[in-house]
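Report on one structure; see the data block that follows.
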Amino acid sequence: MPLALPPLPDLPRLGFDDIIDVRSPAEYAEDHMPGAISLPVLSNEERARVGTIYKQVDPFAARKVGAALVSRNAAAHIEGPLADRNGGWRPLVYCWRGGQRSGSFAVILNQIGWRAEVVEGGYRAYRRMVAAMLHDDPLPWSPVLIDGNTGTAKTRLLHHLAAQGAQVVDLEALAEHRGSLFGGLSGPQPAQKMFESRLAGALAGLDPARPVYLEAESNKIGDILIPGSLWKAMLGAPRIAVAAPLADRARHLIDTYAELTGDPAALSTIIDALRPYHAADQIADWQAQAKAREFSALAQGLMRDHYDPRYARSTARKAAVAATVPLNDLSEGTLRSAAAQILSIKGV
């Protein structure tokens with residue numbers, strides 16, 4: 001009998017030895033259940049081929065071709081990644097909607113003697129729960145936003161808050177982006193669905209009775225949109241602002257964006273992207289500083305003339321700041337003390 005998924009907070013307690021995603025590699029790459037391993041019973045090309053036969057030739061012919069392909073791929077998995085599983089192994093298997101792909105693979109595994117179960121409704125059932133949590137239902141968690149100008153080490157501050165026992169969600173880490181034009185990390189960002197799975201997993205393990213600290217963001221981190229329920233909660237959340245000297249912020253940015261200071265072409269391209277917002281002379285000055293490797297002057301100029309004014313305009317449209325925490329510098333000791341001060345603030 002197919003297994004109906006429990007609520008998201010209970011997923012880690014299902015008790016299976018492995019969760020197996022038998023969808024195609026492309027489907028798995030877009031999103032998958034937390035902790036699932038990919039053992040596709042149809043490759044991307046095979047899935048497309050079977051689908052074409054189903055639509056253009058005959059459903060029965062498609063099922064025959066699909067069965068042969070599934071059997072061959074299942075054999076490869078049994079002889080390969082699953083070769084070391086013992087007789088007591090208990091896997092949970094899912095495909096797109098809990099149909100033929102997962103059912104066929106589970107039958108083979110059960111015939112061997114393993115105790116395989118299939119997810120009722122497949123990945124779609126899981127995705128519906130994530131979408132309900134992040135788009136449809138009010139969030140039960142109460143966010144507190146860490147706000148401040150670019151370069152005030154807000155992400156590092158979140159880590160210190162977490163180290164002191166606070167509930168923290170690092171949205172930029174989940175989105176694999178630092179949240180600004182200069183913010184891309186190495187490699188592409190995850191798909192929107194994958195980001196939402198990561199976010200749902202991070203939130204599901206938290207206590208709704210305690211605050212959750214987040215970095216204040218716009219509604220978009222790179223190409224990733226913050227889901228509606230969280231964004232609504234963030235709009236009404238208390239904000240704690242941090243402030244630091246410009247020179248210290250510049251040093252922090254130089255360290256944080258070391259991959260850009262080491263790639264002159266990439267840095268030049270990003271500076272060029274600011275042309276719609278600044279005069280040609282200003283862009284030329286920044287390009288000259290980048291070429292001369294005058295990174296402190298460049299970072300300070302970008303913050304003073306681009307990011308700080310944009311932050312000021314954005315702040316004017318937000319709710320009032322609940323508290324401001326000044327930082328004399330951005331050393332780990334200062335950030336550690338700031339985290340303790342933030343946790344001592346009442347009423348947030």
Side-chain angles (χ1 to χ4, degrees), residues 145-164 166 168-190 195 198 202 213-218 220-224 226 239-274 277 286-287 289-312 314-315 325-339 342:
L145 304 184
I146 304 300
D147 209 346
N149 276 311
T150 297
T152 46
K154 296 184 289 293
T155 298
R156 287 166 55 203
L157 181 55
L158 284 181
H159 295 166
H160 282 285
L161 286 166
Q164 295 180 35
V168 168
V169 174
D170 187 343
L171 294 173
E172 293 183 357
L174 299 180
E176 298 184 43
H177 196 280
R178 298 190 190 100
S180 72
L181 186 63
F182 289 79
L185 302 177
S186 58
Q189 289 187 263
F195 169 77
R198 294 174 179 179
Y213 292 87
L214 310 167
E215 183 172 340
E217 305 281 358
S218 68
K220 197 173 183 184
I221 307 174
D223 293 327
I224 296 293
I226 294 180
R239 291 188 299 126
I240 298 173
V242 293
L246 188 63
D248 292 272
R249 292 162 56 201
R251 283 192 290 272
H252 169 71
L253 288 184
I254 291 168
D255 292 339
T256 301
Y257 294 96
E259 76 278 8
L260 283 179
T261 58
D263 188 343
L267 182 56
S268 176
T269 298
I270 293 174
I271 293 172
D272 266 346
L274 298 175
Y277 311 103
W286 287 337
Q287 291 286 17
Q289 289 170 343
K291 187 174 182 180
R293 301 185 63 81
E294 297 171 356
F295 296 129
S296 180
L298 174 62
Q300 290 189 50
L302 285 168
M303 287 187 290
R304 183 182 57 247
D305 299 324
H306 180 73
Y307 284 106
D308 287 3
R310 291 167 68 88
Y311 172 75
S314 160
T315 300
V325 177
L327 308 172
N328 293 328
D329 55 52
L330 295 175
S331 66
E332 297 304 326
T334 296
L335 292 174
R336 190 179 306 113
S337 298
I342 287 170

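Worth saying up front: this structure is predicted, and the values here are computed from it rather than measured. Computed from heavy atoms alone, side chains included, the values below leave out hydrogens, waters and symmetry copies.
The backbone N or O of R310 lies less than 3.5 Å from no partner atom in the side chain of S314, so there is not a single donor-acceptor pair. A donor-acceptor contact shorter than 3.5 Å is absent between the side chain of S268 and the backbone of A265. At least one donor-acceptor pair under 3.5 Å links the side chain of Q189 to the backbone N or O of D223. Within the 3.5 Å criterion, the main-chain N or O of T261 finds a donor-acceptor partner in the side chain of R293. In terms of modelled atom types and a separation under 3.5 Å, the side chain of Q289 and the main chain of A299 share no donor-acceptor contact.
In this structure the side chain of I254 reaches within 4.5 angstrom of the side chain of S296, judged on heavy atoms. You'll find the side chain of T150 stays beyond 4.5 Å of the side chain of Y311, heavy atoms only. Put simply, the side chain of E215 does not reach to within 4.5 Å of the side chain of L157, judged on heavy atoms. Residues L330 and R156 are in side-chain contact: their nearest non-hydrogen atoms beyond the backbone lie under 4.5 Å apart. Side-chain contact between K291 and P264: absent, with no pair of heavy atoms (C-beta onward) separated by less than 4.5 Å. By the 4.5 Å heavy-atom criterion applied to side chains, V325 and I240 are counted as neighbours. Residues V168 and L214 have side chains not in contact (no heavy-atom distance under 4.5 Å, counting atoms from C-beta outward).
For the atom pair CG (L246) and CG (D308), the distance works out to 7.0 Å, reported to the nearest 0.5 Å. In this structure, Q300 CD and D305 CG are separated by 11.0 Å, a value rounded to the nearest 0.5 Å. Rounded to the nearest 0.5 angstrom, T155 OG1 and L335 CG are separated by 11.0 Å. Atoms CZ and CG, from R198 and L171 in turn, are 12.5 Å apart once rounded to the nearest 0.5 Å.
Annotation: side chain to side chain contact (heavy atoms under 4.5 Å, CB included) contacts of A243 (sequence neighbours excluded): none. Applying the side chain to side chain donor-acceptor pair (under 3.5 Å) rule to E294 yields no partners; only residues at least two apart in sequence or on another chain are considered. Under the rule for a side chain to side chain contact (heavy atoms under 4.5 Å, CB included), the partners of K220 that lie at least two apart in sequence or sit in another chain are S218, L225. Listed by chain and number, the residues in a side chain to side chain contact (heavy atoms under 4.5 Å, CB included) with R251 are A247, D248 (sequence neighbours excluded). The side chain to side chain donor-acceptor pair (under 3.5 Å) test applied to R239 returns D147, not counting sequence neighbours. Under the rule for a side chain to side chain contact (heavy atoms under 4.5 Å, CB included), the partners of A290 that lie at least two apart in sequence or sit in another chain are L267, I271, L298.
For the residue pair H252 and G151, the shortest heavy atom distance occurs at CD2-O, 3.5 Å. Taking all atoms of both residues into account, the shortest heavy-atom contact from A216 to L145 is CB-CB, 4.1 Å.
Salt bridge status for E172 with K154: absent, with no side-chain N to carboxylate O gap under 4.0 Å.
Cation-pi geometry between R249 and Y307 is not met: the NZ or CZ atom fails to fall both under 6.0 Å from the ring centre and inside 45° of the normal.
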Do L253 and M303 pass the side-chain contact (heavy atoms from CB on, under 4.5 Å) test, and can you show the C-alpha distance, the side-chain angles, and the key distance before you say yes or no? CA-CA 10 Å; L253 288 184; M303 287 187 290; 3.4 Å; yes
In sequence, state the C-alpha distance, the side-chain angles, and the governing distance for Y213 and V169, and then conclude on side-chain contact (heavy atoms from CB on, under 4.5 Å). CA-CA 6 Å; Y213 292 87; V169 174; over 6 Å; no
Test side-chain contact (heavy atoms from CB on, under 4.5 Å) on H177 and F195 and set out the steps. CA-CA 11 Å; H177 196 280; F195 169 77; over 6 Å; no
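A donor-acceptor contact under 3.5 angstrom links the side chains of T334 and S331, judged on distance only.
When the shell of 6.0 Å around CG of N328 is examined, it contains 12 or fewer heavy atoms from other residues, nucleotides or ligands.
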